[in-house]
Amino acid sequence: MNEDEILQELISIVKSDSSKAIGCTEPVAIAYCSNLTVQNVNRKQINRIDVRLSKNIYKNAKSVKIPGTGRSGIDLAVALGVSIDSVTNPMLVFRGVNDSVINAADSLINSEVITIEVLDNREDVYIEVEIEADKTAKTVISGGHTNVSKIVVDDEIIKDKSEEKLLFDRIFDIKSLSFEQLKTIVDNADFDKISFTLEGIDVNMQAASEGLKGYGMSLGKSLRQMYEQSKTDNDILNKTRYLAAAAADMRMGGGQYPVMTSGGSGNQGIGIILPIYIVAQENKVDDELLAKSLFFAHCLNRYVKEYSGKLSGMCGCGIASSIGSTAGIVYMLGGNSEKIAGACSNIYANLTGMICDGAKESCSLKLSTSAVESIINAYLSLNGVVVEGNVGVIGDSIENTINNIGRLSRESFVKVDETVIDII
């Protein structure tokens, strides 16, 4: 593939990974899967709803608040998906939540027709919803939060696209590119082709502004009050911390404002976009360079997750979005490939091991920490402060380091995940 063809593939990936979402994407995906399934049966004749989930979907859907309800629960996500009218935008499925829908969902929950099973040995993202009514319908989402891989109605296969995904994987693999190659492609990209990344700034800043009113644990609101009292409100680190926290407060606390995702994660979208934007404001960066920096960051977030998995036992903000963000900041401030790699290595020397113990309101703590560290470690690298290579998890190149992180995620943190799921 030539450079233009690779750029088009990267644009397709980033657009797929970056979209507006209301609420945490795991309950969103469950509700969407339920909504698709119920479209194939008479919802007034439901006798049984069986839900089967991968461990990571279960972990991230169990405790996070669902928009418009002030409550959490996988059964609630399922029941809302069944009760909402047919949706056209899967990531905005909870936009249809109102009192009538909540009442219908509660009636469904009280009827005790919903069963939930956690599956072993499934890919990170796997959701299966089967509804028995006048017909029996089953929908499977796998490989991505909105990737509908199978629909079956009364044993008739309506849709099966698992082979399509395999074919795409064979055509293009982002892991085949080095950081240097990715940087070169971004350097040469036309602004018009990647300007779509700028939309996420307005979306996520609005989410942060709403979050400052106080949602969830009100971390962002409390941090801003602390900084204002100490007269340090204009410091970019403090500003990044409270805005990132506020956006996460709103999202994880059940707010109904959308956020722009990255890698299919709203929190990672916040962690990518807000630090880069705040540093760009401070340095009066123009829109073209800002868009390139954001695009580079989204690509690297996906790059890391190809090694670690879409969901894992390590916090995605700590090992993925913070890498994209710190790399994007160094790129934006004129750093070369060595400085970009150095900033990423600093992050891994610092935040590797931050566990993911499920999506919940306190995720704002981890996200805000990761967002601030992405800025600190970018500036450290630009000033020549970089951790030593071939020590600990840090390899002799950033690509090897990311491979090491992937091994930790796949080989060791699988056990951590199992323990966390047992605890929760």
Side-chain angles (χ1 to χ4, degrees), residues 11 14 18 179 182-212 220 223-224 227-228 230-247 259-260 262 268-301 321-344 346-347 367-368 370-386:
I11 289 170
V14 172
S18 304
F179 267 43
L182 278 168
K183 179 180 179 297
T184 299
I185 290 167
V186 175
D187 284 339
N188 298 330
D190 291 336
F191 173 55
D192 290 346
K193 292 183 178 179
I194 60 172
S195 60
F196 68 90
T197 58
L198 297 175
E199 182 187 5
I201 295 171
D202 290 337
V203 174
N204 287 359
M205 284 296 290
Q206 186 175 16
S209 178
E210 176 66 16
L212 288 172
L223 285 171
R224 185 177 67 169
Y227 298 142
E228 287 175 343
S230 62
K231 309 299 183 185
T232 58
D233 180 45
N234 291 325
D235 181 278
I236 63 169
L237 299 179
N238 293 336
K239 185 176 182 180
T240 298
R241 187 181 293 277
Y242 77 68
L243 286 176
V259 300
M260 188 66 75
S262 181
Q268 289 170 41
I270 295 165
I272 288 281
I273 294 167
L274 293 188
I276 293 175
Y277 173 62
I278 291 166
V279 173
Q281 280 191 310
E282 181 75 10
N283 290 274
K284 298 179 173 56
V285 172
D286 64 39
D287 282 352
E288 181 171 354
L289 181 53
L290 176 54
K292 288 187 174 185
S293 303
L294 289 168
F295 184 74
F296 188 38
H298 284 303
C299 288
L300 291 181
N301 187 35
S321 67
S322 59
I323 295 300
S325 181
T326 201
I329 291 167
V330 175
Y331 177 90
M332 183 170 62
L333 297 181
N336 59 19
S337 296
E338 182 180 356
K339 297 294 186 183
I340 290 169
C344 295
N346 287 346
I347 289 284
L367 169 56
S368 60
S370 300
V372 169
E373 288 301 321
S374 71
I375 297 176
I376 292 173
N377 286 288
Y379 278 102
L380 285 174
S381 183
L382 287 166
N383 284 281
V385 181
V386 176

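A search for side-chain hydrogen bond (donor to acceptor under 3.5 Å, both in side chains) contacts involving E338 returns nothing, not counting sequence neighbours. Scanning for side chain to side chain contact (heavy atoms under 4.5 Å, CB included) contacts around S195 gives F191, with sequence neighbours left out. Every residue two or more places apart in sequence or in another chain that forms a salt bridge (Lys or Arg N to Asp or Glu O under 4.0 Å) with E288 is listed here: K292. Residues passing the side-chain hydrogen bond (donor to acceptor under 3.5 Å, both in side chains) test with N336, sequence neighbours excluded: none. Scored by the side chain to side chain contact (heavy atoms under 4.5 Å, CB included) test, A246 finds L212 as partners (sequence neighbours excluded).
Between I375 and I329, the closest side-chain pair of non-hydrogen atoms falls below 4.5 Å. Put simply, the side chain of I236 does not reach to within 4.5 Å of the side chain of Q281, judged on heavy atoms.
In this pair, F296 and F179 present their aromatic rings perpendicular. The plane angle is above 60°, beyond the 30 to 60° band.
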Which pairs of donor and acceptor atoms, one on a side chain in residues 200-209, lie under 3.5 Å apart (sequence neighbours left out)?
residue: N204; atom: OD1; partner: M260; partner atom: N; Å: 2.6
residue: N204; atom: ND2; partner: M260; partner atom: O; Å: 3.4
residue: N204; atom: ND2; partner: G269; partner atom: O; Å: 3.3

Show me the side-chain donor-acceptor pairs of residues 377-386 shorter than 3.5 Å, one per line, residues at least two apart or across chains.
residue: N377; atom: ND2; partner: E373; partner atom: O; Å: 2.8
residue: N377; atom: ND2; partner: E373; partner atom: OE1; Å: 3.1
residue: Y379; atom: OH; partner: N283; partner atom: ND2; Å: 3.4
residue: S381; atom: OG; partner: K339; partner atom: O; Å: 2.6
residue: S381; atom: OG; partner: A343; partner atom: N; Å: 3.3
residue: N383; atom: ND2; partner: Y379; partner atom: O; Å: 2.7

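Heavy-atom minimum distance, S262 versus S18: CA-OG, 4.2 Å. Across L294 and T197, no two heavy atoms sit closer than the pair CD1-O, 3.7 Å. Here the closest heavy-atom approach between residue A327 and residue I340 is recorded as CB-CG2, 3.7 Å.
Between the side chains of N301 and S321, no donor-acceptor pair of N or O atoms lies under 3.5 Å.
Residue pairs meeting the side chain to side chain donor-acceptor pair (under 3.5 Å) criterion with at least one partner in residues 322-331, sequence neighbours excluded, are D187-Y331, S325-S374. Applying the salt bridge (Lys or Arg N to Asp or Glu O under 4.0 Å) definition to pairs two or more places apart or across chains, those involving residues 192-201 are K20-E199.
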